[in-house]
Structures are given as C-alpha cells and as structure tokens.
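The structure under discussion appears below in the form of structure tokens.
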Protein chains: 2
Amino acid sequence: MLKLSKKVEYGLIAIRHIASVNNQISTVKEISEKYSIPSDVLAKVMQKLTKGKLITSHQGAMGGYTLARGADQISVMNVISVIEGSQMGIAQCFSEEPENCSIYLNCTIKNPLGKIQHNLELVFNSMKVSEIV
Amino acid sequence: MLKLSKKVEYGLIAIRHIASVNNQISTVKEISEKYSIPSDVLAKVMQKLTKGKLITSHQGAMGGYTLARGADQISVMNVISVIEGSQMGIAQCFSEEPENCSIYLNCTIKNPLGKIQHNLELVFNSMKVSEIV
DNA sequence: TTAAATACGACTTGTGTAGTCCTATTTCAT
DNA sequence: ATGAAATAGGACTACACAAGTCGTATTTAA
Ligand code: SF4
Ligand code: SF4
C-alpha cells in the first residue's frame with residue numbers, strides 16, 4: 001500500500017541511466033544487465049515510456065533508446081502516469097469515476113483527502129530526473 | 001498503486017465520526033450503518049485502532065469506542081501505521097529489510113526516493129483528524 | 001439471565017504485481 | 001540477400017494483497 005510498483009522503479013532507473021550517459025543510445029540488454037533488472041519486464045516498461053513520449057526508440061540493430069526531452073523536464077509524476085496508464089489517485093474517487101465508490105455520497109473524508117492528493121502531486125511533480133543523476 | 005486501502009479510509013471515517021459527536025461513545029453498528037461500511041470489516045479496523053491506542057474500547061452492552069486522545073493529536077499517518085501494521089514505505093527498502101530488494105546494491109534511485117518518502121511523511125503527519133471534522 | 005456489544009480466527013473471492021515465454025518486426029552490417 | 005541485433009507486443013503463470021464473509025467466544029449493563 002502506497003508503494004511504487006517495480007515497473008515505475010525500473011523506468012526511473014532506466015531514464016536516469018540514459019541521462020547519466022549523456023543521452024547516448026542505450027539498449028534494454030545493457031540496462032537490464034547493469035542494474036540486474038529482468039530484461040523482459042524492462043522491455044515492456046521501455047515500450048510504455050516510448051508510447052508516453054518520454055523516450056524515443058530506435059529500432060533494428062544498433063538501436064536502443066534515447067530521452068525524448070531534457071532530464072530536467074521529466075518528473076517522477078510523468079513516469080508514474082505513463083507507466084501506470086492512469087492518473088495517480090490516493091483514493092478510488094480521484095482516479096476513476098466517483099460513483100464507483102459505493103460510499104461516495106456519505107463519505108466525509110474525500111475533501112481532506114483531496115488536499116493530501118494535491119500535496120502529493122506537488123511532491124511527485126517537483127522531483128525531476130535531472131535531480132536523480 | 002499509491003492508493004490508501006479501504007481499511008484506512010474506514011478508520012479515518014470512524015475516528016472523524018467519533019470526534020464529530022464530541023467523543024461520545026459510538027458503536028460499530030451505528031457507524032457502519034451511517035456510512036454504509038460493512039460492519040465486519042469495520043469491526044476489525046476498530047480493533048486495530050484500539051490495539052494501536054488511538055481509540056479506547058468499552059466492552060459489553062452499552063459499549064463502543066471513544067477517542068484515546070484529542071482529534072488534533074491523531075494524524076493520518078498514525079491511522080495508516082496502526083492499521084497497516086508497519087511503517088509507510090514508498091519502496092520496499094523503506095518498509096522492510098533493504099537486503100530484500102535484489103537490486104539494492106545497484107539501485108541508483110533509493111536516495112532520491114528517500115527524499116520523496118520524507119516529503120510524503122510530512123504531508124501525512126501534518127494532516128490531523130481535527131482538520132477533517 | 002439475557003441482550004448488546006467487542007474480540008478474533010478461518011475462509012473465500014477478486015484484483016493487481018511481477019515475471020516468463022514466444023513470436024513478429026525492423027534495420028544495420030556484411 | 002542474409003543474418004544478427006535490437007525493439008514490439010501478446011499470452012500465460014505464480015504469487016501476494018485487498019476486501020469481504022462467516023462463525024464463535026467473551027464481556028458487561030440492565
Ligand atoms: S469517496 Fe471517500 S471512500 Fe470512496 S474513495 Fe473517495 S475517499 Fe475513499
Ligand atoms: S533499492 Fe531501489 S529498487 Fe530496491 S526497493 Fe529501494 S528503491 Fe526500489
């Protein structure tokens with residue numbers, strides 16, 4: 001609970017790695033071996049990051065990945081959103097239809113939790129990959 | 001991912017409720033009906049909050065629960081810790097033995113994630129139940 | 001003595017996480 | 001052309017956790 005998924009961690013490690021080698025093209029094999037990450041899992045993470053336009057893929061032999069923008073313009077929140085495929089929500093009613101929560105109408109904590117949600121967004125948005133290198 | 005559990009939400013709703021009726025004794029039945037919470041689930045949540053000394057139980061007929069301290073001295077973090085039974089950790093290495101993570105030695109993001117962890121703790125610690133009433 | 005309440009363990013069901021396996025496609029280099 | 005190196009992506013398994021249900025024991029006021 002309240003834990004980042006391994007996929008997100010792998011994504012952060014990979015992006016930070018590419019930034020650390022000055023945005024030179026990097027492969028899944030290279031990264032997975034260097035950080036002991038299962039290559040199949042990392043491969044799918046990279047594909048999601050590509051679809052999310054955080055990195056750019058270069059297919060074929062001698063291919064790999066490079067960053068799609070500066071490391072100072074990629075936040076932890078960006079990585080979370082792209083990999084999870086949805087907005088981060090501290091409670092059900094923030095990430096899906098509020099009506100899905102059977103308690104919604106009687107709920108007395110959604111507003112205060114909204115404040116917490118907002119503060120968490122500030123934290124994740126303000127931490128950029130460039131600070132991690 | 002990064003979502004509070006229903007147990008925690010139920011705990012917050014219950015504690016807020018007791019505070020809202022000026023710390024008068026309140027029963028599981030009363031709270032579960034008022035907020036449409038499954039009573040069995042709420043019952044176990046209340047037992048955990050009791051063991052965690054956030055609320056006090058009064059057994060037997062005419063029994064129920066009251067707060068064990070002022071609503072301004074119960075934080076959202078307190079509720080999370082007591083109900084989850086462990087410290088909140090944004091990554092495995094913050095809530096259990098770091099060695100459990102097979103990547104730990106090669107991990108390049110644990111320090112930056114530590115900063116995020118610290119900021120999240122600030123957010124959850126600063127929000128008190130008294131602000132929710 | 002009875003009824004109302006908490007205490008607590010066992011169980012089921014559903015969802016999500018992490019990882020594996022297999023195949024297709026793209027592209028560079030020979 | 002061909003083969004090797006790389007990304008693309010679907011199908012599947014194993015496991016852990018979340019949420020809820022059920023049954024029973026214990027406590028205590030009236
Ligand atoms: S409505 Fe209340 S209970 Fe339902 S998800 Fe939002 S916060 Fe949680
Ligand atoms: S060590 Fe790195 S990868 Fe392992 S849990 Fe901590 S942060 Fe996540």
Side-chain angles (χ1 to χ4, degrees), chain A residues 1-11 13-14 18 24-33 35-52 55-66 68 80 83-86 88-89 91-92 95-96 100-103, chain B residues 1-11 13-14 18 24-33 35-52 55-66 68 80 83-86 88-89 91-92 95-96 100-103:
Chain A
M1 182 214 149
L2 282 175
K3 201 171 296 181
L4 294 171
S5 70
K6 286 294 181 189
K7 285 183 191 174
V8 168
E9 294 191 329
Y10 296 159
I13 290 173
I18 300 175
Q24 280 176 51
I25 200 166
S26 307
T27 69
V28 165
K29 185 165 187 290
E30 171 188 338
I31 297 174
S32 71
E33 285 178 353
Y35 303 101
S36 306
I37 298 171
S39 61
D40 285 334
V41 176
L42 179 61
K44 293 230 197 60
V45 166
M46 299 305 267
Q47 287 162 24
K48 283 201 170 179
L49 292 174
T50 302
K51 282 204 165 181
I55 62 180
T56 304
S57 81
H58 305 272
Q59 292 196 352
M62 303 303 290
Y65 297 94
T66 51
I80 292 174
I83 291 181
E84 297 299 328
S86 65
M88 180 210 76
Q92 195 183 18
S95 54
E96 25 179 314
N100 287 4
C101 179
S102 56
I103 289 186
Chain B
M1 181 215 147
L2 281 174
K3 200 171 295 179
L4 294 171
S5 69
K6 287 293 181 191
K7 285 184 191 174
V8 167
E9 294 191 329
Y10 296 160
I13 290 173
I18 300 174
Q24 281 175 52
I25 200 165
S26 307
T27 69
V28 164
K29 187 165 186 288
E30 171 188 340
I31 298 175
S32 72
E33 285 177 354
Y35 303 100
S36 306
I37 298 172
S39 61
D40 285 334
V41 176
L42 180 60
K44 291 228 199 65
V45 166
M46 300 305 267
Q47 286 160 25
K48 283 201 171 180
L49 292 174
T50 302
K51 282 204 166 182
I55 63 179
T56 305
S57 82
H58 305 272
Q59 291 196 351
M62 303 304 289
Y65 297 93
T66 52
I80 291 175
I83 292 181
E84 297 299 329
S86 64
M88 181 211 74
Q92 195 184 17
S95 53
E96 24 178 315
N100 287 4
C101 179
S102 56
I103 288 186

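Keep in mind that this is a model prediction, so the values were computed, not measured. Numbered from 1 within each chain, the chains take letters A, B, ... in sequence-line order.
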Does the side chain of [X] get closer than 4.0 angstrom to OP1 or OP2 of [N] through an N or O atom?
X        : N       : answer
Tyr10(B) : dG20(D) : yes
Tyr65(B) : dA7(C)  : yes
Ser57(B) : dA5(C)  : no

Practice problem: Find which nucleotide of DNA chain C each of Ser102(B) and His58(B) is nearest to by heavy atoms, and output the residue with the more 5' nucleotide. | Solution: His58(B)
Exercise. Report the residue (Ala61(A) or Pro38(A)) whose heavy-atom-nearest nucleotide on DNA chain C is the more 5′ of the two.
Key: Pro38(A)
What integer distance in Å separates [X]:[atom1] from [N]:[atom2]?
X        : N       : atom1 : atom2 : result
Lys29(A) : dA5(D)  : NZ    : C1'   : 10 Å
Ile25(B) : dA4(C)  : CD1   : P     : 16 Å
Lys48(A) : dA18(C) : NZ    : P     : 11 Å
Ile37(B) : dT21(D) : CD1   : C1'   : 16 Å
Met62(A) : dA29(C) : CE    : C1'   : 9 Å
Asp40(B) : dG9(C)  : CG    : C1'   : 12 Å
Ile80(B) : dA18(D) : CD1   : P     : 13 Å
Gln59(A) : dT27(C) : CD    : P     : 6 Å

Practice problem: State which of dT7(D), dA18(D), dA5(C) makes the closest approach to the side chain of Glu84(B). | Solution: dA18(D)
Practice problem: When you get a sec, tell me which of dA8(D), dG20(D), dA5(C) is the closest nucleotide to the side chain of Gln47(A)? | Solution: dA8(D)
To the nearest 0.5 Å, what is the distance between [atom1] on [X] and [atom2] on [Y]?
X        : Y        : atom1 : atom2 : answer
Met46(B) : Ile18(B) : CE    : CD1   : 4.0 Å
Ser86(A) : Ile80(A) : OG    : CD1   : 10.5 Å
Leu2(B)  : Met88(A) : CG    : CE    : 6.5 Å

Quiz item: What nucleic acid atoms does Met1(B) come within less than 4.0 Å of, heavy atoms only: base, sugar-phosphate, or nothing?
Solution: sugar-phosphate
Exercise. Have a look at Lys51(B) and say if it touches a base, only the backbone sugar-phosphate, or nothing, with a 4.0 Å heavy-atom cut-off.
Key: sugar-phosphate
Quiz prompt | side-chain hydrogen bond (donor to acceptor under 3.5 Å, both in side chains), paired with Gln92(A), selected from Glu9(B), Lys6(B), Lys3(B) | solution = Lys6(B)
Quiz item: Could one point to a donor on the side chain of Lys44(B) or the base of dT21(D) with an acceptor on the other under 3.5 Å away?
Solution: yes
Practice problem: Would you indicate whether the side-chain heavy atoms of Ile37(A) and Val45(A) approach each other to under 4.5 Å? | Solution: no
